[in-house]
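Some notes on the structure that comes next.
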Amino acid sequence: MGLLDGKTALIFGVANERSIAWGIAQAFSREGAELGISYAGEALERRVRPLAAQIGCDFVEPCDVASDEQIENITAKAVERFGKVDILVHAIAFANREELSGPYYNTSRAGFHLAMDISVYSFTALAKAFQPYIPAKGALLTLTYYGSEKVTPNYNVMGVAKAALEASVRYLAYDFGRQGVRVNAISAGPVRTLAAAGVAGFKEMYQRYAEVAPLRSNITAEDVGNAAVFLCSDLASKITGEILFVDSGYNILGVAEPIE
Ligand code: NAD
Ligand code: 0WE
């Protein structure tokens, strides 16, 4: 008996085996969901297809979420294949690298728009496209980070984007509530994925996190996958519009104790 038996889930944002989306896909598969996976562009196909095969998933489709046309296409393909989509997971973010260091006030207009389009609007665009095909008891899920609430040096425009994404979760939760569909986010602690690689100061911040967080531990994509199973399963049937921290308790701290 799996927690997601009989449910169809479409997961956006698998880039490689370190992706949080991949941790979610594995956990969903373990719990009995029928899966579809979407990736950003042709270049990723040779990485993503073999991963999908590992969990017996053969619905593997590209979708650049900057394109309304590609969102329409994948919606049509998913509906043709599955007939309905119970669960949609959005694990996508992007800002130009130059926006992720130095002072926030140097953010360019174009860089601001791009970060908002890919990291925020895309969740709303997917919600809109799939709305007619998500039955009651369905769930939408996105991924956020604490830099939306408190300053994380260099996170910059992404922090502003995540604040807008979290507000989108609440507005979407209101809209979808009438059809019995829930909308939530997981706020994950730092994970060493492609999107974290090469970020100025990430390594130091990641190490310090495990020293100061209440659970004295970093988090993994598997931890996020397990929380995602809960939020998208009927166990969470009255939880919507919520931001659930999977962060070893880091966000409750007022002051980090100095390390000896
Ligand atoms: P990742 O690089 O594995 O995943 C990011 C994904 O976004 C990639 O699959 C990439 O292809 C996709 N993407 C970027 N532009 C796209 C576009 N135009 N169209 C479609 N897809 C596009 O990194 P990740 O850390 O697994 O990131 C997944 C989510 O988790 C992001 O929303 C990120 O902000 C969030 N998050 C990450 C961390 C962390 O420390 N890694 C912490 C909290 C939240
Ligand atoms: O949401 C994220 C990753 C966001 C991200 C990262 C990149 C790096 C490479 C979005 N776009 C890009 N574009 C690139 O070209 N995280 C929560 C991980 C992360 O990223 C940071 C962090 C943390 C934590 C960036 C600066 C400071 C801290």
Side-chain angles (χ1 to χ4, degrees), residues 10-25 37-45 47-48 51 60-71 74 89-102 104 111 114-123 125-126 141-166 168-169 185-209 218-225 227-228 243-248 250-251:
L10 197 53
I11 301 181
F12 290 80
V14 178
N16 59 32
E17 71 290 342
R18 305 189 122 179
S19 292
I20 291 175
W22 175 237
I24 295 172
I37 288 179
S38 176
Y39 58 95
E42 302 306 331
L44 288 172
E45 181 173 9
R47 288 197 162 273
V48 176
L51 288 175
V60 185
E61 294 289 339
C63 177
D64 178 345
V65 296
S67 158
D68 289 330
E69 192 191 332
Q70 291 191 31
I71 290 176
I74 193 165
V89 176
H90 172 273
I92 291 172
F94 188 77
N96 283 327
R97 184 172 287 278
E98 61 264 30
E99 308 290 4
L100 300 177
S101 65
Y104 169 69
L114 180 70
M116 285 288 171
D117 188 26
I118 307 302
S119 313
V120 186
Y121 181 70
S122 63
F123 186 50
L126 289 172
L141 181 70
T142 188
L143 271 296
T144 186
Y145 175 67
Y146 190 46
S148 64
E149 285 186 47
K150 303 286 179 187
V151 173
T152 300
N154 300 319
Y155 199 58
N156 295 355
V157 72
M158 276 307 307
V160 176
K162 291 302 193 188
L165 179 68
E166 291 172 22
S168 302
V169 166
I186 289 174
S187 186
V191 182
R192 293 171 81 173
T193 61
L194 195 60
V199 162
F202 182 86
K203 195 175 166 216
E204 293 69 24
M205 180 284 213
Y206 180 85
Q207 286 169 352
R208 176 138 175 86
Y209 206 88
N218 282 113
I219 70 135
T220 65
E222 186 186 356
D223 296 324
V224 179
I243 315 295
L244 179 66
F245 283 93
V246 177
D247 71 341
S248 295
Y250 186 91
N251 75 93

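One-based numbering, in listed order, for ligands and for the atoms of each.
Thr144 contributes atom OG1, which lies 12.0 Å from atom CG of Leu244 (distance to the nearest 0.5 angstrom). To the nearest 0.5 Å, atom CH2 of residue Trp22 and atom CD of residue Glu222 are 12.5 Å apart. Note: Asn218 CG to Tyr250 OH = 11.5 Å, rounded to the nearest 0.5 Å.
Under a 3.5 Å cut-off, the side chain of Arg97 and the backbone N or O of Gly198 do form a donor-acceptor pair. In this structure, the side chain of Asn156 engages the main chain of Glu99 through a donor-acceptor pair within 3.5 Å. Ser119 places no side-chain N or O within donor-acceptor distance of the main-chain N or O of Met116, the cut-off being under 3.5 Å. Between the side chain of Lys162 and the backbone N or O of Ser187, no donor-acceptor pair lies under 3.5 Å. Without hydrogens or angle criteria, Thr220 side chain to Asp223 main chain gives a donor-acceptor distance under 3.5 Å.
With atom 11 (O) of ligand 1 as the reference point, the heavy atom nearest to it among Ala40, Ala21, Ser148, Ala196 is part of Ala40. Proximity annotation for atom 5 (C) of ligand 2: of Pro190, Gly189, Ala195, Ala195 comes nearest, heavy atoms only. For the residues Ile92, Ile219, Thr144, the heavy atom positioned nearest atom 44 (C) of ligand 1 is part of Thr144. When the options Ala91, Ser67, Ser187 are ranked by their closest heavy atom to atom 29 (C) of ligand 1, first place goes to Ala91. Residue Asp64 holds the heavy atom nearest to atom 17 (C) of ligand 1 of all those in Leu114, Thr193, Asp64.
Within the 4.5 Å cutoff, side-chain heavy atoms of Leu114 are placed close to those of Phe94. Looking at Tyr39 and Phe12, their side chains never come closer than 4.5 Å, going by heavy atoms from C-beta outward. Counting only heavy atoms from C-beta outward, the side chains of Leu165 and Thr142 approach each other to under 4.5 Å. By the 4.5 Å heavy-atom criterion applied to side chains, Leu194 and Arg18 are not counted as neighbours. Counting heavy atoms from C-beta outward, Val48 and Ile37 have side chains that approach closer than 4.5 Å.
A cation-pi arrangement is found for Arg192 relative to Tyr206, the charged atom lying closer than 6.0 Å to the ring centre and inside a 45° cone about the ring normal.
Only backbone heavy atoms of Cys63 (N, CA, C or O) come within less than 4.0 Å of ligand 1; its side chain stays farther off. Residue contacts with ligand 1, taken as heavy atom pairs separated by less than 4.0 Å, involve Leu44 solely via side-chain atoms from C-beta onward. Contacts between Ile118 and ligand 1, counted as non-hydrogen atom pairs separated by less than 4.0 Å, involve the side chain only.
When each atom of ligand 1 is checked for a heavy atom of Gly189 under 4.0 Å away, the hits are 40 (O), 42 (C). Taking every non-hydrogen atom of Val14 and a distance limit under 4.0 Å, the qualifying atoms of ligand 1 come out as 9 (O). Taking every non-hydrogen atom of Tyr145 and a distance limit under 4.0 Å, the qualifying atoms of ligand 2 come out as 17 (C), 24 (C). Each of the atoms 40 (O) of ligand 1 lies under 4.0 Å from some heavy atom of Pro190. Atoms of ligand 2 lying under 4.0 Å from any heavy atom of Met205, numbered from 1 in the order shown and given with element: 24 (C). Less than 4.0 angstrom separates some heavy atom of Gly13 from each of these atoms of ligand 1: 4 (O), 6 (C), 8 (C), 9 (O).
If you check which protein heavy atom lies closest to atom 40 (O) of ligand 1, you get Val191 N, 2.8 Å. Closest protein heavy atom to atom 9 (C) of ligand 2: Arg97 NH2, 3.4 Å. If you check which protein heavy atom lies closest to atom 30 (O) of ligand 1, you get Leu143 CB, 3.5 Å. Among all non-hydrogen protein atoms, the one lying nearest atom 26 (C) of ligand 2 is Val199 CG1, 3.2 Å. What sits closest to atom 14 (C) of ligand 2 on the protein, heavy atoms only, is Ala95 O, 3.7 Å. The shortest contact between atom 3 (O) of ligand 1 and any protein heavy atom is with Ser19 OG, 2.6 Å. Regarding atom 31 (C) of ligand 1, its nearest protein heavy-atom neighbour is Ala93 CB, 3.7 Å. Ranking protein heavy atoms by distance to atom 19 (C) of ligand 2, first place goes to Tyr155 CE1, 3.9 Å.
Not a single N or O atom of Ala188, backbone or side chain, sits closer than 3.5 Å to an N or O atom of ligand 1. Residue Ala195 places at least one N or O, backbone or side chain, under 3.5 Å from an N or O of ligand 1. Backbone and side-chain nitrogen or oxygen atoms of Lys162 are examined, and one is located within less than 3.5 angstrom of a nitrogen or oxygen of ligand 1. Not one N or O of Arg18 is nearer than 3.5 Å to an N or O of ligand 1, by distance alone. Residue-to-ligand polar distances place Ile20 within reach of ligand 1: an N/O pair is separated by less than 3.5 Å. Between Tyr145 and ligand 1, not a single N/O pair is under 3.5 Å apart. Residue-to-ligand polar distances place Val65 within reach of ligand 1: an N/O pair is separated by less than 3.5 Å. Checked by distance only, ligand 1 and Asn16 stay at 3.5 Å or farther apart across all their nitrogen or oxygen atoms.
With hydrogens and angles left out, the side-chain atoms of Ser67 and Asp64 include no donor and acceptor closer than 3.5 Å.
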Exercise. Would Glu61 and Ser38 count as a side chain to side chain donor-acceptor pair (under 3.5 Å) if you check the C-alpha gap in whole Å, the side-chain angles of each, and the deciding distance to 0.1 Å?
Worked result: CA-CA 5 Å; Glu61 294 289 339; Ser38 176; over 6 Å; no

Exercise. How far apart are the C-alpha atoms of Val160 and Tyr104, what are their side-chain angles, what is the distance that settles it, and do they pass the side-chain contact (heavy atoms from CB on, under 4.5 Å) test?
Worked result: CA-CA 10 Å; Val160 176; Tyr104 169 69; 3.5 Å; yes

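Taking the six-membered ring where the residue is Trp, the centroids of Phe123 and His90 are separated by under 6.0 Å.
Judged by the shortest distance from any of its heavy atoms, Ile186 lies outside the 4.0 Å radius around the atoms of ligand 1. Within the structure, ligand 1 lacks Ser38 among the residues with a heavy atom less than 4.0 angstrom away. Distances from ligand 2 to the non-hydrogen atoms of Pro153 include at least one value under 4.0 Å.
Around atom CD of Glu69, no more than 12 heavy atoms belonging to other residues, nucleotides or ligands sit under 6.0 Å away.
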